[in-house]
There are 2 protein chains.
Amino acid sequence: MRADARRNRQRILDAAAATFAAEGIAVPVDEVARRAGVGVGTLYRHFPTKEALFEAIVIDRVDTLLASASVVDESQDPAGALFSFLAKMAGDVSSKHDLLDALSRAGVELKERWGSKFDQLRAAIDVLRQRAVDGGAVRADVGTDELLSLVVGVCLGSKEIGAAHGCDRMLRVVCDGLRTRAAAEA
Amino acid sequence: MRADARRNRQRILDAAAATFAAEGIAVPVDEVARRAGVGVGTLYRHFPTKEALFEAIVIDRVDTLLASASVVDESQDPAGALFSFLAKMAGDVSSKHDLLDALSRAGVELKERWGSKFDQLRAAIDVLRQRAVDGGAVRADVGTDELLSLVVGVCLGSKEIGAAHGCDRMLRVVCDGLRTRAAAEA
DNA sequence: TACAATGCGGAACGGTGGCTCCGCTTAGAG
DNA sequence: CTCTAAGCGGAGCCACCGTTCCGCATTGTA
C-alpha cells in the first residue's frame with residue numbers, strides 16, 4: 001500500500017470519527033470527504049459503502065466501551081459497578097451521535113448486521129447485571145435488553161427534548177428504579 | 001366548498017392518521033395519497049405541505065391526550081394519577097409512530113413549531129407532577145421536561161432495541177425511580 | 001530520470017421524495 | 001340541459017445523496 005494511500009485512509013477515519021460523532025450517520029458522505037480533505041472517490045476506494053465506514057468507527061467505540069466494562073467489573077460493589085458502567089455508557093452514547101444511531105437502529109438490522117459485536121456488549125452488561133442481582137441490590141425482573149433500552153432511551157430522550165440538561169439526572173431516576181427495596185433502604 | 005372536496009379532505013385525514021401512526025413521518029406523501037385514493041395534487045390542495053398535514057394529525061392526538069389528563073386528575077391519589085397518565089401517554093406514543101416522531105424532534109424545532117400545543121402538554125403534566133410531589137409520593141428533583149424525556153425515551157428505547165416486549169416494564173422501573181423513599185416503603 | 005502501477009478528484013448517474021403545474025373532469029347553480 | 005368554476009390526477013421538476021467512472025497526478029522502483 002502506497003504511503004499516501006495509508007495517510008488518506010487514516011485521515012478519512014479521523015474525519016469520520018469526528019463527523020459521525022457530531023452529526024450521526026445522517027451526515028452526507030461528501031461532508032466526511034470534505035473534512036478529510038479528500039475526494040469522495042478516495043473515500044470509496046478505502047471503504048466500499050458509507051455503512052462500512054460507519055461500522056469501522058462504531059466497532060471501535062464499542063470495543064472501548066467493552067474495555068471499560070472489564071475494568072469496572074473488578075470493583076467490589078456489584079451494584080456500583082453496574083451503575084457506573086451504565087453511566088459511562090450513557091456518557092459515551094450521549095456525546096457520540098454515531099453510537100446513539102448505531103444502538104437505536106431497528107432491532108432486526110441491529111442484530112443481523114452487528115452480530116457478535118452487539119452480543120459482546122450485551123454479554124458484558126449481563127455479567128454486571130447478574131452479579132448485582134445476585135448481590136441482592138438490583139431487582140431481578142429487568143433483563144439485559146431492557147437495561148440497554150433504558151440507557152439508550154434516556155440518551156435519546158435527553159437529546160431530543162431537553163437539550164439543555166444532560167441525561168445524568170434521568171439516569172439516576174432509572175438506577176434508583178432498578179434498586180431493590182431492601183437496597184434502597186440501606 | 002364542494003361536496004367531493006370535503007369528502008376527499010376527510011379521506012386524506014383518515015389515511016394520514018392511519019399511515020403516520022403505522023410508519024411515522026418518514027412515509028412518502030405519495031403513499032398517503034395512494035391510501036386515501038386520491039392524487040398527490042389533491043392532497044396538496046388541502047394541505048400546503050406534508051408538515052402541515054402531519055401537524056393536523058398530531059395536534060388532534062395531543063388534544064385527546066390532554067383530555068385524558070383532566071380525567072385522571074380528578075383521582076384522589078396524586079401519585080397514581082401521575083403514573084397512570086404517564087402510562088397512558090407511553091401507550092399512545094408507542095402505538096402511534098407519528099406521536100413518537102413529533103415528540104422526539106430536536107428540542108428547538110419542537111418548541112418553535114408546535115408552540116402552545118407542546119406547552120399545553122407540558123402544563124398538564126406539570127399539574128399532575130406538582131400534585132404528586134406535594135403529596136410527598138414523588139421526588140421533587142425531577143422536572144416536567146425530564147418526565148417527558150423519560151417517557152419518550154422509554155418508548156424510543158423499547159421500539160428501537162427490544163421490539164419484542166412492550167415498554168410497560170421499563171416504565172415501571174422509571175416510576176419506581178420517581179417515588180420518594182418514604183412512598184416506596186409504604 | 002523514466003515509467004508503470006497505484007491512487008486521486010470530482011463530475012456525472014440513478015434513485016428517492018417533496019412539491020408544482022396544467023389539461024381534463026365534475027359538481028351544482030341557473 | 002348547459003355552462004363555468006372548483007376540483008382532480010399524476011407526470012414532471014428540483015434538490016439531495018449514495019455510488020461509480022475515468023482522465024490525470026503521484027509514488028516508488030529500476
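Throughout, protein chains are lettered first and strands after them, A, B, ... in sequence-line order, and every chain is numbered starting at 1.
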I'd like a table of atom pairs between the protein and nucleotides 21-24 of chain C - only N or O on both sides, under 3.5 Å - with the distance next to each one.
none

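Of all nucleotides listed (C:dG7, C:dG9, D:dT19), C:dG7 comes nearest to the side chain of A:A5. Side-chain atoms of B:D30 lie closest to C:dG18 of the nucleotides D:dT19, C:dA27, C:dG18. Side chain of A:K50, nearest nucleotide from C:dG10, D:dG18, C:dC8: D:dG18. The listed nucleotides are D:dG9, D:dC8, C:dG7; the one nearest the side chain of B:D4 is D:dC8.
Listed by residue number, there are no residues of residues 21-29 of chain B with a heavy-atom contact under 4.0 Å to DNA chain D.
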For this session: Output, in order, the C-alpha distance, side-chain angles, deciding distance and verdict of side-chain hydrogen bond (donor to acceptor under 3.5 Å, both in side chains) for B:T180 and B:R139.
Result: CA-CA 5 Å; B:T180 57; B:R139 58 203 283 175; over 6 Å; no

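The shortest distance between the side-chain N/O atoms of A:T42 and the OP1/OP2 oxygens of C:dG7 is not below 4.0 Å. When the side-chain nitrogen and oxygen atoms of B:N8 are compared with OP1 and OP2 of D:dG7, none of them lie within a distance under 4.0 Å. Listed pair A:H46 / C:dG7 fails the phosphate criterion, with no side-chain N or O lying under 4.0 Å from OP1 or OP2. Contact annotation: A:Y44 does not reach the phosphate of D:dT20 (side-chain N/O to OP1 or OP2, under 4.0 Å).
We find the CZ-CG distance between A:R122 and A:L148 to be 8.0 Å, quoted to the nearest 0.5 Å. With rounding to the nearest 0.5 angstrom, the CG atom of A:D176 is 7.5 Å from the CZ atom of A:F83.
A:A3 comes within 4.0 angstrom of sugar-phosphate atoms only, judged by non-hydrogen atoms across all strands, and of no base.
Following rounding to the nearest Å, A:E31 (CD) and D:dC16 (C1') show an atom-to-atom distance of 14 Å.
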